J.: 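First, the structure itself, so that you have it in front of you.
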Amino acid sequence: MQRSRMTKPNDIPKLLTIADLSLRWDMPRQSLHDKKGENKFPLPVQYVANNRTALFLESDIIEYEKENPYIKTRAQREARRNFIFKLYMDANDE
């Protein structure tokens with residue numbers, strides 16, 4: 001007896017875990033867990049593995065990347081951090 005799928009794989013939206021995002025953005029998982037606490041970070045759509053693994057919609061992550069383009073690479077995050085630091089230092093010099 002052959003089993004059949006109730007849904008086709010293309011009908012299921014692409015889901016990402018923190019581990020997926022860690023690879024995608026070259027960012028430590030702990031940093032991503034910290035980011036999850038930010039207001040604008042996408043909310044998980046589901047938790048699996050006894051509520052230990054958050055699943056995010058890829059479409060939500062793509063939208064977040066559009067709004068926060070610096071997130072995509074380590075170099076972009078560092079350049080943004082340096083820019084903010086310079087603004088802070090310049091403001092305190094006055």
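Computed from a predicted structure; not experimentally measured.
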J.: Would you call Glu58 and Arg24 a salt bridge, taking side-chain N to carboxylate O under 4.0 Å as the test?
T.: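 Yes.
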
J.: Considering all heavy atoms of both residues, which atom of Lys36 and which atom of Ala54 are nearest to each other, and what is their separation?
T.: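 The answer is NZ-CB, 4.3 Å.
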
J.: Treat each ILVMFWY residue as a node, draw an edge where side-chain heavy atoms are under 4.5 Å apart, and state whether Phe41 and Met27 are in one component.
T.: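 The answer is yes; both residues are in one hydrophobic cluster.
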
J.: What distance do Phe56 atom CZ and Leu15 atom CG have between them, rounded to the nearest 0.5 Å?
T.: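 Interatomic distance, Phe56 CZ to Leu15 CG, rounded to 0.5 Å: 10.5 Å.
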
J.: Looking at side-chain heavy atoms only, is the closest gap between Ile61 and Leu21 below 4.5 Å?
T.: yes

J.: State, without any angle test, whether Thr17 and Asp20 hold a side-chain donor-acceptor pair at a distance under 3.5 Å.
T.: yes

J.: With a 4.5 Å limit on heavy-atom distance, are the side chains of Met89 and Phe85 in contact?
T.: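 In short, these two side chains touch, coming nearer than 4.5 Å.
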
J.: Measure across Ile71 and Arg77 and return the closest heavy-atom pair with its distance rounded to 0.1 Å.
T.: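 Closest approach of Ile71 to Arg77, heavy atoms only: O-NH1, 2.9 Å.
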
J.: Any chance you could lay out the side chain to side chain contact (heavy atoms under 4.5 Å, CB included) test for Glu78 and Thr73, step after step, and finish with the verdict?
T.: CA-CA 9 Å; Glu78 189 170 317; Thr73 68; over 6 Å; no

J.: If you count heavy atoms of other groups shown closer than 6.0 angstrom to CZ of Phe83, is the number above 12?
T.: no

J.: How many angstroms lie between atom CD of Glu67 and atom CD of Glu63, to the nearest 0.5 angstrom?
T.: 5.0 Å

J.: Assign the ring pair Tyr64 / Trp25 to parallel, tilted or perpendicular, where the plane angle (0 to 90°) is split at 30° and 60°.
T.: tilted

J.: Within this structure, what is the NZ-CD1 distance for the pair Lys35 and Ile18, rounded to the nearest 0.5 Å?
T.: 11.5 Å

J.: Treating Ile, Leu, Val, Met, Phe, Trp and Tyr as nodes and any side-chain heavy-atom pair under 4.5 angstrom as an edge, say whether Leu57 and Val48 lie in one connected cluster.
T.: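 Same cluster: Leu57 reaches Val48 through Ile, Leu, Val, Met, Phe, Trp or Tyr contacts under 4.5 Å.
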
J.: Would you give the length of the straight line joining atom CZ of Arg80 to atom OH of Tyr70, rounded to the nearest 0.5 angstrom?
T.: 4.0 Å

